[in-house]
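Before any comments, here is the structure.
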Amino acid sequence: MRCLLVTGGCGFIGSNFVRFMLEHEPAIRLINLDKLTYAGNPKNLSDLETDPRYLFIKGDICDQKLVKEIFSDEGVDAVVHFAAESHVDRSISGPAEFIQTNIFGTFNLLEAAREVWLGAGRGKTSRFIHVSTDEVYGSLGEKGYFKETTSYDPRSPYSASKASSDHLVSAYFHTYGLPTLTTNCSNNYGPFQFPEKLIPLIIHNARHGKELPVYGDGKNVRDWLFVADHCRAISMVLKKGTVGETYNIGGNSEKQNIEVVDTICDILDEKLGLLPSSKDRRSLIRFVRDRAGHDRRYAIDATKIKEELGWEPEMDFETGIRQTIDWYLDNSEWIADIVNGSYRQYYSEMYENRS
Ligand code: NAD
Ligand code: DAU
C-alpha cells in the first residue's frame with residue numbers, strides 16, 4: 001500500500017486532491033500535513049475524519065524534526081507538495097512568509113526525503129511531486145504560450161518564491177537523484193477556494209450586492225482550470241509521470257478578468273433575480289487601482305502532459321463556473337465562517353481607498 005504525504009491538504013486544491021485520492025485509490029494511506037494558516041480549513045475534510053486510511057497532522061513544513069519523523073515513522077513513499085502561501089496580493093504586502101514557507105519549507109521536505117529515502121535505498125520506489133504555478137514563467141503578450149522549456153521570469157514575490165522552490169526541486173533531482181517531478185499549472189477555480197481569489201470574491205460580493213473590484217482595465221488574461229481537472233492531472237503525474245520532468249497543466253480556457261466577472265454577474269442575476277435596487281449586478285463593477293507588477297496574460301501549452309500521460313481538461317468554463325457558483329450558494333455557512341473572521345481586516349486593508 002502506498003503511503004502518500006500530502007502537504008497543505010486543508011487548502012483549496014489540497015482538500016480537493018485529498019478527497020479525489022481517497023475516492024479513487026482504495027489501497028492508499030494518506031497523511032495530510034497542514035499548518036492551518038488563514039487559508040487552511042479542516043472543515044473542508046471533516047467528513048473524512050473517520051476514514052481509517054486518512055491521518056491529519058497539524059504542523060509546519062518548516063519544522064525539521066516533525067517532517068523528518070513523519071517521513072521515517074510513517075513509511076511515506078510519495079509526497080504531493082501543495083503547502084504554500086499562495087496569494088499574489090498578500091506576497092506584495094508581506095513577502096516574508098512566502099520566502100519562509102515556499103522556499104525554506106520546500107527545502108526542508110526535500111532534505112527529509114533525501115535523508116530517509118536515499119539513505120534507505122528507496123530512491124527508485126518513491127516519488128516527490130512538487131505542485132507549482134505557471135506564474136514562474138512571467139507574463140505573456142497577446143500571443144504565445146508557456147511551454148515546459150520557457151525561461152523562468154517570475155515577477156512577484158509569490159512567483160519568485162515558487163520559482164526558487166522549483167529550482168531546488170530540480171537541483172535535488174540532478175544532484176542527488178531524488179525522484180522529483182514538478183507540475184506548473186494555471187489558475188484553478190471550484191469548491192473550497194478562499195474568497196481572496198478573484199472568482200470566489202466576486203461570487204460572494206455579487207451575491208450580497210457589494211462592489212466588485214476589478215484591477216486596472218480588467219483585460220488581464222488568465223487560463224482557468226476546474227480544480228477537479230487539476231487533481232486528476234496530478235494523480236496521473238504521480239502514477240505515470242517521468243521522474244525529473246516537469247509538466248505544464250492548463251485549462252485551454254483563456255478569459256479576460258472582466259469577462260469572468262460579467263459572466264458571474266449574469267449567472268447570479270439569472271439565479272437570484274436583480275438587486276433590490278432593480279439594477280443588474282454588472283452595475284456593481286468598479287475598476288480599481290491595479291496590482292503592482294500585474295502580469296498581463298498567462299496561457300499554457302499543455303501538449304506534453306496530453307501526449308505523454310493522456311491528460312486533458314474535461315470541464316468547460318461555462319459548466320464549471322455554474323457548478324462553482326452553485327457550490328458557493330449551497331455552502332453559505334462555509335463562506336460566512338470565513339468572512340466573519342480576520343478576512344474582514346484583510347479585505348479593508350486590501351480594498352479600502354483603492355478606487
Ligand atoms: P491555499 O492558499 O488555498 O492553501 C494552502 C494550504 O497550505 C493551506 O491549507 C495552508 O494552511 C497550508 N500551509 C501554508 N503554509 C504552510 C506551512 N508552513 N506548513 C504546512 N502547511 C502550510 O493554496 P491553493 O490555492 O490550494 O494552492 C496550493 C498549491 O498549488 C500552492 O503550492 C500553489 O502555489 C499551487 N498552485 C495554485 C494554483 C491556484 O490557482 N490556486 C494554481 C497553480 C498552482
Ligand atoms: O496562475 C496560477 C496562479 O493563479 C496561482 O499560482 C496562484 O496561487 C493563484 O492565486 C492565482 O494567481 P492570480 O493572481 O492569477 O489569481 P487571483 O485570483 O488573485 O487573480 C486573478 C486575476 O484577477 C488577476 O489578474 C488579478 C485579478 N483580480 C484579482 C482580485 C483578487 C482582480 O481584478 N480583482 C481582485 O479583487
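Side-chain atoms are counted along with the backbone in the values below, which use heavy atoms only and exclude waters and symmetry mates.
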(request) Please check if any side-chain donor atom of K197 sits under 3.5 Å from a side-chain acceptor atom of S86, or the reverse. (result) yes
(request) May I ask you to check whether H87 and F194 place their ring centers less than 6.0 Å from one another? (result) no
(message) Using a strict threshold of under 4.0 Å (side-chain N to carboxylate O), is an ion pair present between D217 and R296?
(response) yes
(request) State, to 0.1 Å, how close S235 and F20 come at their nearest heavy-atom pair, and which atoms those are. (result) OG-CE2, 3.5 Å
(message) Given the ring of Y189, does R222 sit roughly above its face, with NZ or CZ under 6.0 Å from the centre of the six-membered ring and within 45° of the axis?
(response) no
(message) Salt bridge or not between R53 and E25? Use side-chain N to carboxylate O under 4.0 Å.
(response) no
Would you list the atom pairs, donor with acceptor, under 3.5 Å between side chains in residues 121-128 and any protein atom, with sequence neighbours excluded?
from	atom 1	to	atom 2	distance (Å)
R122	NH2	V76	O	2.8
T125	OG1	R122	O	3.3
S126	OG	R122	O	2.8
R127	NH1	V237	O	3.2
R127	NH1	L238	O	2.9
R127	NH1	G241	O	3.0
R127	NH2	G241	O	2.7

(message) Using the rule salt bridge (charged side-chain N to carboxylate O under 4.0 Å, His left out), only one of E85, E196, E349 pairs with R90; which is it?
(response) E196
(request) Could you tell me whether R282 and D269 have a side-chain N and a carboxylate O separated by less than 4.0 Å? (result) no
(request) Describe, in one word, how the ring planes of Y328 and W334 are oriented to each other, choosing from parallel (under 30°), tilted (30 to 60°) and perpendicular (over 60°). (result) perpendicular
(message) Looking at K219, I'd like to know if its NZ atom is crowded, meaning that more than 12 non-hydrogen atoms belonging to other residues, nucleotides or ligands lie closer than 6.0 Å.
(response) no
(message) With rounding to the nearest 0.5 angstrom, report the CG to OH distance, D301 to Y145.
(response) 8.5 Å
(message) Given the ring of Y351, does K210 sit roughly above its face, with NZ or CZ under 6.0 Å from the centre of the six-membered ring and within 45° of the axis?
(response) no
(request) Give a yes or no on whether E333 atom CD has more than 12 heavy-atom contacts from other residues, nucleotides or ligands under 6.0 Å away. (result) no
(message) Under a 3.5 Å cutoff, is there a donor and acceptor pairing between the side chains of D290 and N220?
(response) no
(message) Checking side chain to side chain contact (heavy atoms under 4.5 Å, CB included) between N32 and each of T7, L48, L45, L5, which is the one that passes?
(response) L45
(request) State the CG-CH2 distance between L110 and W117, to the nearest 0.5 angstrom. (result) 9.0 Å
(message) Testing the basics here: between L309 and K240, what is the closest heavy-atom pair and its distance to 0.1 Å?
(response) O-NZ, 3.1 Å
(message) For N102, is there any backbone N or O sitting under 3.5 Å from a side-chain donor or acceptor partner on T106?
(response) yes
(request) May I ask you to decide if the ring planes of H167 and Y152 are parallel, tilted or perpendicular, using 30° and 60° as cut-offs? (result) tilted
(request) In plain terms, say whether K65 and E69 are close enough for a salt bridge, that is, a side-chain N and a carboxylate O under 4.0 Å apart. (result) yes
(request) Output all residues satisfying side-chain hydrogen bond (donor to acceptor under 3.5 Å, both in side chains) with D73, sequence neighbours left out; order by chain, then residue number. (result) none
(message) Checking the side chain of N187 only, and the main-chain atoms of D223 only, is there a donor and an acceptor separated by less than 3.5 Å?
(response) no
(request) Please name the pair of heavy atoms, one in C3 and one in G75, separated by the smallest distance, quoted to 0.1 Å. (result) CB-O, 3.4 Å
(request) Report the hydrophobic cluster partners of F98, with the cluster defined as I, L, V, M, F, W, Y residues connected by side-chain heavy atoms closer than 4.5 angstrom, directly or transitively. (result) V88, I92, Y158
(request) Give a yes or no answer on whether the side chain of D229 reaches the backbone of E314 with a donor-acceptor pair at less than 3.5 Å. (result) yes
(request) Report the C-alpha separation of R322 and I267 in whole Å, then their side-chain angles, then the decisive distance to 0.1 Å, and conclude whether the side-chain contact (heavy atoms from CB on, under 4.5 Å) test is met. (result) CA-CA 7 Å; R322 280 182 178 274; I267 296 173; 3.8 Å; yes
(message) A cation-pi test, strictly: NZ or CZ of R354 under 6.0 Å from the centre of the six-membered ring of Y215 and no more than 45 degrees from its axis. Yes or no?
(response) yes
(request) Measure across F107 and L168 and return the closest heavy-atom pair with its distance rounded to 0.1 Å. (result) CB-CD1, 4.0 Å
(message) Regarding K35 and D63, does a basic nitrogen lie under 4.0 Å from an acidic carboxylate oxygen?
(response) no
(message) So, applying side chain to side chain contact (heavy atoms under 4.5 Å, CB included) with S15, which one of D34, V227, N44 is it?
(response) N44
(request) Using a strict cut-off of less than 4.0 Å between a Lys/Arg side-chain nitrogen and an Asp/Glu carboxylate oxygen, indicate whether R286 and E211 qualify as a salt bridge. (result) yes
